[in-house]
Amino acid sequence: MAIPLKYNFRSLFVRRVSTAMTVLSIALVVAVFVGVMALATGLEMALVTTGDPLNVLVRRRGSDSELSSFISREAFQAMRFLPGVQMNADGAPIASGEIVVVINLPKRGEQKGSNVTIRGVSPVGLALRPQLHIVEGRLFQPGLREVIVSRRISERFEHTSLGDRLRFGKGEWKVVGIFDAGNTAFDSEIWTDVNQLASDYHRESFSSVLLRATDEAAVKEIINRIENDRRYNLLAQPEVEYYEEQTKAAGPIKLLGMFIAIVMGIGACFAAMNTMYAAVTYRTREIATLRVLGFKRGSILLSFLTESLLLALIGGLIGCVLVLPIHGITTGTANWQTFSEIAFAFRITPELLLWGMSFAALMGLFGGIFPARQAARQSPAAALREG
Amino acid sequence: MTQPLVEIRNLSRIFRRDSVEVVALKDINLDIPEGDFLALMGPSGSGKTTLLNIIAGLDKPTSGVVRVGGIEVQRMNEDELAEWRNHHVGFVFQTFNLIPVLTAFENVELPLLLTGLSGQERREHVLTALKLVGLADRVDHYPRQLSGGQEQRVAIARAIVTDPTIILADEPTGNLDARSAEEILTLLQQLNEQLHKTIILVTHDPRAAHYAKHERHLEKGVLLPPGVTYTVEERA
């Protein structure tokens, strides 16, 4: 049997200040790590959860996003009647030609503004995104300068509350509704009637077209047909895939998070190491006594490593608790593919917390291994003489 | 003639520090029969503790042989020694060396954790040992809540709880007042006389030595012949 855990646990509380400082430093590292990763996860989830597997998004070949794409109305008409496109109850194809523009809006409480995406959609476009629902006010009416604004955008930008008026295009647009798009990319957009938007911006063409396929096989077939049609030079891909590609924006944040966490983690490792070295020095006589009683070197090593791990895990747990309140807080960043603001919430998932705890454990192991080795290697006779 | 429990043959221990050699023990020959209570006496630096450590396998001789119960102690590796000590050696220190974060009960239980005993069996052994040293009512006390004499009694309970072959006590009364010292020495005497435990007591207190059956004296690393004591000047 190994040295009992209660020995380590109680020993940690003997040197309270040093234990508390180390626990705190590990807690901070874990909190920062989980916090930044929650930011990246939130951003990823906002984009990844967007799209229906049966939806095919079409844009001009060579354009990075809908914003830089255009599709002629003729091409749209051709696509609507491709085999494999689903029909609605009225026998009309479920296909939506949409226009995407960006406008600059001032952020609430800040001088500077940011780009916000305006999407012009038809009733079919609304039907294609059933996750979007009005939470306040009503839907815009076709032919009028009326918009509906996502709740996240409304929270973060001026002139976007219900009843406010926004100035873009050829005049003022009234905010008639606030919507929630179920944590998708549309939560960063303002929607209006596609024809009114086309008229204000003199757009003959659409930015993108969204088609609903009858089944998965039809998705492939539609993509093949569109891509092989030399007349239009278009790129078709599953809607889900398009938004997944945009999650690249989360990459640098993740990298930054890892970098900060690793730099801070090294610091915390040294804090743990310092505490454990102090513990080993302070308990030289105790370690020698354990050896005299018959505990082997391996048991001593394991015991001190466990103690370091315990120290780190307590820190990790506190770090996780500290960071939990940021879950759900809305923030935004620039999406460099659409050059517009993407609003999303910090997402702390159980998996992320597990990562945080694993990171804490790693710090404990690294910080504890050398002191534990020193403890296991010391000669009991010499320790009893000197200690 | 029966084989002695501890046989020491031509044992020497030389400490090397940089280029300086210090002879701690020189050509020691000693037999300790089972059931003996031997007081090893000598001034500071005479090699008493070194000899005790070598018998316990905590230190290795530079040359010579130590056999305890027929086993050559110096031949075992660290892990074998740890296991052997757990079964055969009970150690009592001058500074008690109880684990401060563990209660009297938990301290005494420590060596039993390395045996195959069940929790219930361990509990019985620990309580018996603590009762034997007169501390049955102090099981849940931490070392800081005990007097020096009580701490040393807990340490003795820890030393005897595994029913070891030999008890090694290194200046067990060195940190105690006269009354507590007397109690501890009486306890060791009882262990020897009533439970027939073999005890080696290292001390430089002549009063302590009176409790033992035999005395042997060490001086500058040399074991003096039986009946010869180390020089008075040094005893002062």
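Here is how names work: the chains are called A, B, and so on, in the same order as the sequence lines, proteins then strands, and each is numbered from 1. All of these numbers come straight from a predicted model, not from anything done at the bench.
The environment of Arg15(A) atom CZ is dense: over 12 non-hydrogen atoms of other residues, nucleotides or ligands sit within 6.0 angstrom. More than 12 heavy-atom neighbours from other residues, nucleotides or ligands sit within 6.0 angstrom of CD on Glu21(B). Glu34(B) CD: 12 or fewer foreign heavy atoms inside a 6.0 Å radius. Atom OH of Tyr277(A) has more than 12 neighbouring heavy atoms from other residues, nucleotides or ligands inside a 6.0 Å radius. Other residues, nucleotides and ligands contribute at most 12 non-hydrogen atoms within 6.0 Å of the CZ atom of Phe270(A). Atom CZ of Arg108(A) is surrounded by more than 12 heavy atoms from other residues, nucleotides or ligands within 6.0 Å. Other residues, nucleotides and ligands place no more than 12 heavy atoms under 6.0 Å from the NZ atom of Lys26(B).
Between the CG atom in Asp79(B) and the CZ atom in Phe295(A) there is a gap of 13.0 Å [rounded to 0.5 Å]. Taking CZ of Arg297(A) as the reference point, atom CG of Leu81(B) lies at 10.5 Å (rounded to 0.5 Å). Here the OG-NZ distance, from Ser379(A) to Lys60(B), works out to 11.0 Å after rounding to the nearest 0.5 Å. If you take CG on Leu293(A) and CZ on Arg158(B), they are separated by 5.0 Å, rounding to the nearest 0.5 Å. How far CZ of Arg285(A) is from OG1 of Thr95(B): 3.5 Å, rounded to the nearest 0.5 Å.
Minimum interatomic distance between Phe93(B) and Leu384(A) (heavy atoms only, all atoms of both residues): CE2-CD1, 3.5 Å. Ala381(A) and Asn53(B) get closest at one heavy-atom pair: CB-ND2, 3.9 Å. Shortest non-hydrogen contact noted between Leu110(B) and Pro4(A) is CD2-CD, 4.0 Å.
Between Lys6(A) and Leu102(B), some side-chain heavy-atom pair lies under the 4.5 Å cut-off.
The contact between Val14(A) and chain B is made entirely by side chain atoms (from C-beta outward), counting heavy-atom distances below 4.5 Å. In this structure, the portion of Phe15(B) lying under 4.5 Å from any heavy atom of chain A is its side chain and not its backbone.
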In sequence, state the C-alpha distance, the side-chain angles, and the governing distance for Glu80(B) and Lys296(A), and then conclude on salt bridge (charged side-chain N to carboxylate O under 4.0 Å, His left out). CA-CA 9 Å; Glu80(B) 287 167 344; Lys296(A) 295 178 183 175; over 6 Å; no
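Among Glu83(B), Arg85(B), Gln94(B), the residue making the largest number of heavy-atom pairs under 4.5 Å with chain A is Arg85(B).
Glu106(B) has a carboxylate O that lies under 4.0 Å from a charged side-chain N of Arg10(A), or vice versa, which qualifies the two as a salt bridge.
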